[in-house]
Every structure is written in C-alpha cells, then in structure tokens.
2 protein chains.
Amino acid sequence: MSTPERLIESTQELLWERGYVGTSPKAIQQRAAAGQGSMYHHFKGKPDLALAAIRRSADERQALAEEQFSGAGTAVERVAAYLRRERDVLRGCPIGRLTQDPEVVADPTLRQPVADTFEHLTRRLTAVLTEGQALGQLDSELDPADTAATVVAVLQGGYVLARAADSVEPFRRATEGAIALLAARELR
Amino acid sequence: MSTPERLIESTQELLWERGYVGTSPKAIQQRAAAGQGSMYHHFKGKPDLALAAIRRSADERQALAEEQFSGAGTAVERVAAYLRRERDVLRGCPIGRLTQDPEVVADPTLRQPVADTFEHLTRRLTAVLTEGQALGQLDSELDPADTAATVVAVLQGGYVLARAADSVEPFRRATEGAIALLAARELR
DNA sequence: GTCTATAGTTAGATAGAC
DNA sequence: GTCTATCTAACTATAGAC
C-alpha cells in the first residue's frame with residue numbers, strides 16, 4: 001500500500017480509538033511506518049490528514065449501512081437487520097465518536113462529513129419506513145422521520161451504554177427494545 | 001468557595017467540554033484561578049482530580065433524573081417528562097461524553113461512576129415502566145428492562161445526532177419518536 | 001496552603017540534506 | 001519522496017521557598 005494510503009488508514013484507526021484531540025502526528029507516523037517528512041510531504045498537517053481520514057470513514061459507514069437498507073424483507077425486518085448487524089460494539093462508532101471531539105465540532109470542515117453521515121442514515125431509514133407504510137406493512141400513524149431519528153439514536157446511544165458498562169448487554173437491550181416497539185406497529 | 005471546590009468544578013466543566021484527554025492541569029488551574037502548587041497540594045494529580053470531578057458529575061446527574069422519575073403522572077408521562085426535560089442539548093451529556101475517552105474507559109476507577117450512572121438510570125426507568133404495567137397503564141407484553149435501555153440510549157444518541165448536526169432538531173425528533181412508540185403501548 | 005523555579009516529555013511543525 | 005535535525009510551545013509533575 002502507498003504511504004498516503006497507510007497514513008489515512010492509520011489516522012482512521014487512531015481517530016476511532018482516541019479521537020482527534022487524543023491523536024498525535026507522531027502516533028500516526030509510527031502506526032503507518034512513515035517518517036515525519038513523509039507525512040508532511042503528503043499532507044499539510046494534522047487537520048488536513050484528519051479530514052481525509054474522516055471523509056473516508058464517513059463514506060465507508062454510509063456504504064455499510066446501505067447493505068441493510070436495500071436488502072430484502074419488510075420495513076421492520078430491514079430496520080431490525082440494521083440494528084442487529086454484526087458490530088464491534090465496544091469499539092463504538094467511528095463517526096459518532098467524533099461528535100464528542102471539541103476540535104471536530106468547532107471546525108465546520110471536519111464536522112461536515114459527520115453531519116452528512118447521520119443525515120444520510122436518517123434519510124434512508126425514513127424512506128424504508130415510508131415505503132413500509134405505503135405497502136401497508138406499517139401503521140400509517142407513525143411519523144417516519146421521527147422514528148428514523150429514534151432508530152439512529154438508539155444505535156449511537158447503545159454504543160455509549162455498552163462502553164460505560166464495558167459490556168455489549170446494554171446495547172443488545174436498547175436495540176431489542178426498539179425493535180419490539182417498532183414491531184408492535186406492524187400491520188398484519 | 002474553597003480552592004479544592006473551585007478546582008473540582010472547573011474540572012467538571014472542562015471534562016464536559018473537552019474530555020479527559022483534552023483537559024490539561026494548566027487549563028484547570030486557570031479556570032479555577034489556582035496556582036500549580038495549590039492544585040498539587042490538594043490533589044495527587046490529574047487522575048485524582050478527575051476522579052473527584054467525575055464522581056461529582058455522576059451524583060448530580062442521578063439526582064437530576066430522579067426529579068422526573070419520582071414525579072406525578074403515568075409511567076409514559078414520567079418517561080416523556082424525562083426525555084423532554086430542559087437540556088442544553090448541544091453541550092451533550094457530561095457523563096455520556098466520558099465513554100468516548102480512551103483514558104477513562106481504560107481506567108476502571110474512572111469508568112466506575114460512569115457505569116454506575118447509566119446502571120442507575122436504567123434501573124429507575126425499569127421500575128417506572130414495571131409500575132405502569134402493574135397499574136394497568138401499560139401493555140404487559142413490553143419488556144421493561146429492554147425498553148428502559150432504549151429510552152436511555154435514545155437520549156444519549158440524541159445528543160450525538162444534535163452535535164453532529166449542530167442543531168437540536170434531530171434530538172427532538174429522536175425523543176419524540178421514542179415517546180410516540182411508547183405511547184402506542186398505553187392501555188386505556 | 002500557595003508561589004515560583006525547574007525539568008523531562010510530547011505536540012506539531014519547518015528546514016534542508018539526500 | 002523520505003530522512004534527520006531543529007524549534008517553540010504545551011503537558012504533567014516535583015522541589016523547595018515563603
């Protein structure tokens with residue numbers, strides 16, 4: 001792999017593990033097995049490299065979610081598949097994590113890919129729910145946009161609870177609770 | 001206010017704003033208007049002071065939540081009151097925030113108050129929901145523990161979405177979506 | 001209890017040789 | 001493109017005077 005590629009991937013990993021504030025250029029260079037000069041040759045500095053890494057992570061995350069959204073099944077089945085997808089729960093969400101970084105939220109350029117990702121996820125989930133209503137699978141009283149936001153929030157909050165407890169159990173409870181609430185609105 | 005008190009409160013604020021990794025002893029001293037020697041006289045170092053601040057924040061948070069849980073109204077009303085409580089949404093949760101800090105989750109001593117807080121919140125919400133079922137207000141098919149975890153997760157995830165969007169709107173949608181899903185399970 | 005001095009380490013980056 | 005040397009500031013803490 002090329003040096004710029006290794007630098008971007010190493011930065012993605014470190015941003016996930018330690019966030020922007022907790023990630024130093026030195027740590028990035030060591031993980032990428034690249035020298036200082038090399039890093040500063042390919043990127044203007046830490047913010048520039050971080051932007052490339054955040055954009056990459058955001059794109060990957062959106063593509064991953066799309067697999068569940070465009071799959072087979074009813075609306076509730078597809079939402080459940082999304083919530084139950086295999087995840088490394090205790091590592092948390094590489095995108096959601098960045099919302100706790102003061103330097104990321106303070107910089108519109110760094111925050112944009114993060115905002116885009118959640119906007120995209122919520123929009124796709126809204127479409128899935130709306131389609132379910134149109135097909136007569138789901139109670140039409142349900143507000144699709146609000147419910148979509150609830151689903152995305154449960155996922156992000158589930159990570160928080162799991163990391164606090166150092167256990168996946170609260171994550172499982174939170175997501176299963178949400179699936180049950182949603183399933184109760186299915187029409188049959 | 002005494003110097004130790006000012007140091008603890010300043011640390012609470014900085015941990016909320018910047019997290020453990022992003023908070024330096026120097027920044028704490030400046031905000032508390034205390035000198036270096038003063039800080040190291042009252043506390044062993046950054047971890048010691050952080051522990052005092054995290055414990056304080058955890059206690060405060062649990063007491064705040066109790067106001068809604070022990071209030072009047074049906075189970076759903078009390079859960080809704082908790083989710084709709086006036087909050088400075090864009091600042092996020094001072095406790096949930098810490099779950100994204102590598103040094104906090106890696107240190108059992110620092111993580112404990114965080115774990116305790118979510119465990120306590122979930123337990124209290126479970127009790128509220130169970131009571132609602134016993135009083136015939138709520139569908140007994142509902143799993144109280146799972147649903148309680150869902151509610152806490154929606155709150156934490158709502159903060160994440162709001163900070164990503166730099167807007168309270170996704171938080172409002174997520175919480176209202178959850179309240180609507182829960183309200184559909186009310187018996188009347 | 002509080003202050004200043006000191007000190008080793010890391011952060012983040014630039015300069016210039018190769 | 002990559003490497004080493006160099007630099008200023010900040011981080012985290014200790015020592016000892018007052």
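Throughout, a chain's letter reflects where its sequence line sits, starting with A, and its residues are numbered from 1.
Contact between the side-chain N/O atoms of B:Thr3 and the OP1/OP2 oxygens of C:dG1 is not found at any separation under 4.0 Å.
If you check every strand for non-hydrogen atoms under 4.0 Å, A:Gly37 touches a base. Using a 4.0 Å heavy-atom cutoff across all strands shown, A:Thr23 reaches sugar-phosphate atoms only and no base atom.
The side chain of B:His41 sits closest to C:dT2 out of D:dA10, C:dT2, C:dG12. Comparing D:dC11, D:dA13, C:dT14 against the side chain of B:Ser24 picks out D:dC11 as the nearest. Closest approach to the B:Ser38 side chain among D:dC3, C:dT4, C:dT2 is made by C:dT2 (side chain taken as heavy atoms from C-beta onward). When distances are taken from the side chain of B:Lys46 to each of D:dT6, D:dT12, C:dG1, the shortest belongs to D:dT12. Residue B:Lys26 places its side chain closer to D:dC11 than to any other of C:dT14, D:dC11, C:dA11. Among D:dG1, C:dG12, C:dA5, the nucleotide with an atom closest to any side-chain atom of B:Gln36 is C:dA5.
A distance-only check finds a donor-acceptor pair linking the side chain of A:Arg78 to the backbone of A:Phe69 [under 3.5 Å]. Remark: the backbone N or O of A:Leu7 is not paired with any side-chain donor or acceptor of A:Ser10 at under 3.5 angstrom. Listed for the A:Gln133 side chain is a donor-acceptor partner under 3.5 Å among the backbone atoms of A:Asp139.
An angle of 0°, rounded to 10°, separates the two end axes of the helix from C:dG1-D:dC18 to C:dC18-D:dG1, each defined over five pairs.
When all heavy atoms of B:Pro94 and B:Arg97 are compared, the closest pair comes out as O-CB, 4.0 Å.
In this structure, A:Leu14 atom CG and C:dG12 atom P are separated by 12 Å, rounded to whole Å.
Of the residues near DNA chain C, B:His42 and A:Ala27, the one whose nearest nucleotide (by heavy atom distance) lies more toward the 5' end is B:His42.
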